[in-house]
2 protein chains.
Amino acid sequence: MVNLLHLRTLLEVTRLGSFAAAAGRLGYTASAVSQQMAALERDTGVELFHRSARSVVPTEAALTMVRHASKVLTDVETLLAAASRSTDSPVQELRLGIFPSLATYILPDILRNPRWKKLGIELRVWVAEPSQTIQGLRTGGELDLALVYQVGQSGLAWPHTLDRQWIGDDDFRVVLPASWGIREDAEMQASQLSDMPWIMHHPGTSDAVVIERLFASCNLHPRVVAYSDDFHASLEMAAAGLGAALVPELALRHRPPGVVVLDVPDIRLARNVFALLLNEKRTAQVQLFTELLADTLRGSTATVRAGSPAMMPKTTQKSTPKPPA
Amino acid sequence: MVNLLHLRTLLEVTRLGSFAAAAGRLGYTASAVSQQMAALERDTGVELFHRSARSVVPTEAALTMVRHASKVLTDVETLLAAASRSTDSPVQELRLGIFPSLATYILPDILRNPRWKKLGIELRVWVAEPSQTIQGLRTGGELDLALVYQVGQSGLAWPHTLDRQWIGDDDFRVVLPASWGIREDAEMQASQLSDMPWIMHHPGTSDAVVIERLFASCNLHPRVVAYSDDFHASLEMAAAGLGAALVPELALRHRPPGVVVLDVPDIRLARNVFALLLNEKRTAQVQLFTELLADTLRGSTATVRAGSPAMMPKTTQKSTPKPPA
DNA sequence: GGTTGACCATCAGTGATCCTTAGGCTCGGT
DNA sequence: ACCGAGCCTAAGGATCACTGATGGTCAACC
């Protein structure tokens, strides 16, 4: 019998055009995806990809299978929804750890969504940085689900008893003071930003390490005028003309007057947002919640984003294996 | 993620009303079914059954899940069909072992079915008794798929590398010479058949053993007038007035004049028809073939059958674990 | 033309999964 | 009161599925 996980992976592979990319999205290694697709071909007796050393091309059969598979998967969704609705649901309590930007700009949208009310989940929210919320997940801890982000391969570690699920990406943008007189739609090269003053993360934080590496790879050695881990503060300082800052799109939902937001192709970086959850809490309701979350985040950033698919810079583009022990 | 096998099991359980019965159908033990349903409840976070010591009652949620699940499963069916159709299918050869009644009365119907032509399977057929076709399945043998039957727990053994799949039941009926003057719709008790002459299987065959046990459990000690393992011969002899016989419904598709077919509640026995197939041959096309087979058999016997669900007599109702080593 | 980097396949190892077996429990039937 | 049908759980073993390492191929770039 076919495996639904294989079908989901198939969808992601054909959408992204590569095993490795799909693996990154789904929280697998590329090897796992390769094996899953091989298994799917074996189970169905259909050749799904023409493989070459550098890429895979879905066959005609794969594309028709994709169409059916997405129908099957949405049917399973509605099955879960219908089943959990038809039971006199005992209002599961969910203790959620969440980092500030998500709590500020996404969570309220979720709570307003009619889909939310049908879930019958009673939320307990704890807003904190990922490193802290992960602590709360340790077995017997005070959390069931933690929404965390990771920039690049930064040393975020979690127990491998947790299930990781990709929620979305939150791209960093370059924010300049409007007073510098640079147009919003200007085509900017990294080199042109070389001598500007920058507002940076506190040195030593894992984000700072990744950003420094990114800057170094562009031969950019910024002059630092401020250290701030709080994006609201960074934004306001930028608006006041202090310096440039790298701010994730989510935080730009509240955009003070006096700033210009640029898209600098050389400086592409994203916070990868994940849900970590205790295995025993992985019920259908929680599953539906994380999907609602992913949809909301996608819908939210889609309105802001230029349109091109979010790619991480080269240094962080490796597939992301599950637990850094 | 939900498991499709669990959904299929759920369907069977609600259809039959019992874990044990579903286990028998699906080729599992009752324990396996219990664990599968527990897993399904865990995965979906929905209580599916009210359990008591002697039975399970599906909840409301289970019933709605059943409705969705059957849709999902048929969607998967069409997915497989569509995918294998859209490929330029290289006409898989299937070497099929099949026992006589099935080859006589069911296989022709399949070959005439439009669904058959779409499968793109090239058949090689070998008609023989189960004990022989199973030999042909031994690894490196000359068969890919064997359709076999088993009466009760009779000592049919197959290598456990084979996949077993339940195809359907073929109920035995009591056949009497019309010359005995008994009406077709007569309500018959086993005791009334006690002193009649019977046409029986050759002693020593596994079928004979089961039938003797069944008769013994009804306190029936038949006088044997003929030994025959060939149902056509038995039928013709019965038509000629020689004696009563126990004949499976399939063989009754060719019903000679001069016989009366009875339904005797005490003497309920069925040949359980299974497909055994080499694991590596379990492609989607073969899967679809066995399903076509099951449908054809079901449709065929449904026209004959009285309507009540086919139950095996008590001595043979145990769940059937997979490999008798 | 060699080097580098991206990507896929394969293999060995390991942890998780899933089934069988065995045993225990609770009911209804005799 | 006993037996048996049917459910559950625990333990053990086979199989599955993922990770991590290795190797191969191709494109791009000096």
Side-chain angles (χ1 to χ4, degrees), chain A residues 1 3-6 9 13 16-24 26-43 48-58 159-164 217 279-280 282 311-325, chain B residues 1-6 9 13 16-24 26-43 48-58 159-161 163-164 217 279-280 282 311-325:
Chain A
M1 178 78 69
N3 187 330
L4 289 176
L5 288 176
H6 297 177
T9 302
V13 167
L16 299 173
S18 135
F19 286 9
L26 297 169
Y28 295 121
T29 59
S31 174
V33 172
S34 170
Q35 291 173 67
Q36 283 195 13
M37 293 303 93
L40 188 56
E41 287 180 322
R42 182 171 43 71
D43 289 342
L48 294 173
F49 299 98
H50 293 127
R51 293 157 165 85
S52 75
R54 284 189 33 80
S55 67
V56 288
V57 179
H160 58 293
T161 57
L162 296 179
D163 184 59
R164 190 189 86 170
S217 75
N279 268 329
E280 73 252 29
R282 196 174 28 176
M311 288 311 286
M312 292 179 273
K314 294 197 168 181
T315 53
T316 67
Q317 204 163 355
K318 290 191 83 69
S319 64
T320 319
K322 216 169 194 176
Chain B
M1 179 77 70
V2 218
N3 187 328
L4 288 177
L5 288 176
H6 295 176
T9 302
V13 168
L16 299 173
S18 134
F19 286 10
L26 298 169
Y28 294 122
T29 58
S31 175
V33 171
S34 169
Q35 291 173 65
Q36 283 195 12
M37 293 302 93
L40 187 57
E41 288 181 322
R42 179 172 44 70
D43 290 341
L48 294 173
F49 299 98
H50 292 128
R51 294 157 165 86
S52 74
R54 283 187 35 80
S55 67
V56 287
V57 179
H160 57 292
T161 58
D163 185 60
R164 191 189 86 169
S217 75
N279 268 330
E280 74 253 30
R282 196 175 26 176
M311 289 310 286
M312 293 180 274
K314 293 198 169 181
T315 54
T316 67
Q317 205 164 350
K318 289 190 86 66
S319 65
T320 319
K322 215 169 190 176

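Keep in mind it's a predicted model, so treat the numbers as computed, not measured. Within every chain, numbering begins at 1; the chains are lettered A, B, ... in the order of the sequence lines, protein sequences first and strands thereafter.
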[X] side chain, from C-beta outward: closest of [options]:
X: B:N3; options: C:dC18, D:dC7, D:dC18; result: C:dC18
X: B:A20; options: D:dC18, D:dC7, C:dC7; result: D:dC7
X: B:Y28; options: C:dC8, C:dC19, D:dT19; result: C:dC19

Measuring from atom [atom1] of [X] to atom [atom2] of [Y], what distance do you get when rounded to the nearest 0.5 angstrom?
X: B:L5; Y: B:Q36; atom1: CG; atom2: CD; value: 6.5 Å
X: A:T9; Y: A:Q35; atom1: OG1; atom2: CD; value: 12.0 Å
X: B:M1; Y: A:L4; atom1: CE; atom2: CG; value: 6.0 Å
X: B:L40; Y: B:N3; atom1: CG; atom2: CG; value: 8.5 Å
X: A:L26; Y: A:R164; atom1: CG; atom2: CZ; value: 9.5 Å

Distance check needed: [N] [atom2] versus [X] [atom1], whole Å only.
X: A:M1; N: D:dC16; atom1: CE; atom2: C1'; answer: 17 Å
X: B:L16; N: D:dG6; atom1: CG; atom2: P; answer: 12 Å
X: B:Q36; N: D:dC8; atom1: CD; atom2: P; answer: 13 Å
X: B:L40; N: C:dC19; atom1: CG; atom2: C1'; answer: 17 Å
X: B:H50; N: C:dT26; atom1: NE2; atom2: P; answer: 20 Å
X: B:L4; N: C:dC18; atom1: CG; atom2: C1'; answer: 16 Å
X: B:D43; N: C:dT17; atom1: CG; atom2: C1'; answer: 12 Å
X: B:F49; N: D:dG6; atom1: CZ; atom2: P; answer: 16 Å

Using side chain to side chain contact (heavy atoms under 4.5 Å, CB included) as the criterion, list what pairs up with B:S34, not counting sequence neighbours. B:F19

Which residues share a side chain to side chain contact (heavy atoms under 4.5 Å, CB included) with A:E41, sequence neighbours left out: A:E47, A:L48, A:F49, A:R51

OP1 or OP2 of C:dC8 versus the side-chain N and O atoms of A:S18: is any pair under 4.0 Å? yes

Those residues that, when tested against A:S18, pass side-chain hydrogen bond (donor to acceptor under 3.5 Å, both in side chains) (two or more places apart): none

Could you write out each protein N or O paired with an N or O of nucleotides 9-15 of chain C at a distance under 3.5 Å?
from, atom 1, to, atom 2, distance (Å)
C:dA9, OP1, A:R51, NE, 2.1
C:dA9, OP2, A:S34, OG, 2.8
C:dT10, O4, A:S31, OG, 3.2

What one should report as the nearest heavy-atom pair of B:A22 and B:V13 is CB-CG2, 3.5 Å

Quick one: which protein N/O atoms are closer than 3.5 Å to N/O atoms of nucleotides 24-27 of chain D? Pair and distance per line, please.
from, atom 1, to, atom 2, distance (Å)
D:dA27, O4', A:R54, NE, 3.4

